Amino acid sequence: AKEQGRNNYQFYSVEMNEKASSRLRVEHGLRQALEHQEFFLAYQPLYSLIDGRVTGCEALIRWKHEGKLMPPAEFIPLAEEVGLINGIGDWVLHEACRQGAYWREAGVGIPCIAVNVSGAQFKESLLATVTRALEKTGFPGENLVLELTETALMLDTTKTERILLTLQKMGVRVALDDFGTGYSSLAYLKRFPIDKLKIDRAFIDGLPHDSDDKAITASILDVSRHLGLETVAEGVETQEQAAYLTAHGCDVAQGYFYSYPLSPDELETVISKSNVI
Ligand code: C2E
Ligand code: CA
Ligand code: CA
Ligand code: CA
């Protein structure tokens, strides 16, 4: 037993070292990723459930690290922890606006681009970053949507309100991302100038069979309608889910049922086929 105990200890210690060193490697890689231009954006189209047209797209960061694509769910939290998220977030905003401005000039009809903003980026300096990105690229604020999570809004009410009001003056719209999963307070919806709710994939998953998911989704749609908010369902994977959402008045859908996240070229092709007037 003593022998085994020691072996166990050694085993765990080796594993922990491996974890720590791979984390360090990733952190080191992240520090150089901007410089080495290892990031790029994928764009997932959003579809109107009313007329089926593409209403815009969401920009999603991709990172090719040591020859492999590492999921943002793995490196974004690390980037937040080690203070790299602001640099990465600035890059994402500029790149999305640059691409959006190019699409406008090329006559590709993409009404708006949504960009994810991490909680750590949601502070006064975000306004300067957004202003710079819009000015530098010529992308109109009216075509930009920022996706914020509820946790970002939990900080200082006065500050949060000021930032959101300034964005509103710039024409930039705000979507509450992952709605329903965070520390949801319906009071946020009343207090802050928010334009859209994105219903988290966790609730869309069980549609149209899971009675809890149905109840939650239907109530979110109900509240949004009364507050005049646009609703976006994320993670729509089946025809049945799309039909349920349409029947319950959801405005916009996004998910593998419609399209995977795409390269800019692929998105242009999708748009040219879908938005024929
Ligand atoms: P999110 O903002 O909730 O983005 C939606 C995620 O769901 C994306 O994963 C997208 O590829 C995936 N998805 C879309 N449709 C479906 C579907 O039908 N089924 C399933 N199973 N998944 C679907 P992705 O690109 O891996 O991003 C994961 C998360 O990483 C995002 O979740 C967001 O929180 C974060 N993220 C991505 N890009 C950025 C970024 O530029 N900045 C920041 N701060 N966070 C980002
Ligand atoms: Ca998002
Ligand atoms: Ca989500
Ligand atoms: Ca469920």
Side-chain angles (χ1 to χ4, degrees), residues 44-50 55-61 72-73 76-77 80 89 92 112-122 126 144-155 157 160-161 163-165 167-168 172-238 240-258 261:
Q44 188 175 32
L46 280 75
Y47 288 80
S48 160
L49 286 171
I50 296 154
T55 67
C57 62
E58 177 178 5
L60 295 159
I61 195 168
I76 291 288
E80 286 169 346
V92 171
C112 60
I113 300 188
V115 172
N116 290 285
V117 172
S118 134
Q121 283 174 273
F122 190 77
L126 176 68
L144 180 65
V145 177
L146 298 184
E147 297 197 354
L148 305 171
T149 57
E150 295 156 273
T151 22
L153 306 183
M154 278 171 56
L155 300 171
T157 312
T160 299
E161 197 160 30
I163 297 172
L164 291 175
L165 283 171
L167 288 170
Q168 191 179 48
V172 174
R173 275 160 302 160
V174 167
L176 263 195
D177 209 353
D178 301 336
F179 190 75
T181 61
Y183 182 79
S184 284
S185 166
L186 293 174
Y188 292 154
L189 302 180
K190 188 177 144 94
R191 159 169 260 141
F192 299 129
I194 287 159
D195 305 284
K196 306 169 190 245
L197 288 190
K198 291 194 80 171
I199 308 172
D200 195 71
R201 189 170 81 222
F203 307 118
I204 307 302
D205 244 8
L207 300 181
H209 307 293
D210 185 295
S211 57
D212 293 345
D213 289 351
K214 279 201 295 195
I216 292 168
T217 304
S219 353
I220 294 177
L221 290 172
D222 201 42
V223 168
S224 312
R225 186 169 37 249
H226 286 295
L227 295 174
L229 299 169
E230 185 182 283
T231 44
V232 183
E234 64 172 36
V236 178
E237 294 183 350
T238 68
E240 289 74 30
Q241 291 169 345
Y244 182 90
L245 291 162
T246 308
H248 287 79
C250 184
D251 301 304
V252 174
Q254 172 184 8
Y256 298 165
F257 174 64
Y258 298 93

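Note that the structure is a prediction, hence the values are computed from the model and not measured.
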Are [X] and [Y] packed together at the side-chain level, in the sense that at least one heavy-atom pair is separated by less than 4.5 angstrom?
X	Y	answer
L153	L176	yes
V232	E230	yes
Y244	I204	no
I76	I61	yes
R173	C112	yes
V92	V115	yes

Does the side chain of [X] pick up a donor-acceptor pair with the side chain of [Y] at under 3.5 Å?
X	Y	value
D177	T149	no
Q44	Q254	yes
E58	N116	yes

Listing, residues 215-222 side-chain donor-acceptor contacts under 3.5 Å, not counting sequence neighbours, or none:
unit_1: T217; atom_1: OG1; unit_2: D213; atom_2: O; d: 2.7
unit_1: S219; atom_1: OG; unit_2: A215; atom_2: O; d: 2.4
unit_1: D222; atom_1: OD1; unit_2: R225; atom_2: NH2; d: 3.2

Handout entry: Side-chain donor or acceptor of Q121 paired with backbone N/O of L126 under 3.5 Å
Key = no

Exercise for the section: Verify salt bridge (charged side-chain N to carboxylate O under 4.0 Å, His left out) between K196 and E147, making sure each step is shown before the conclusion. Expected result: CA-CA 9 Å; K196 306 169 190 245; E147 297 197 354; over 6 Å; no

Fill in the blank from the handout: Correct closest heavy-atom pair for M154 and Y188 would be CG-OH, 2.7 Å

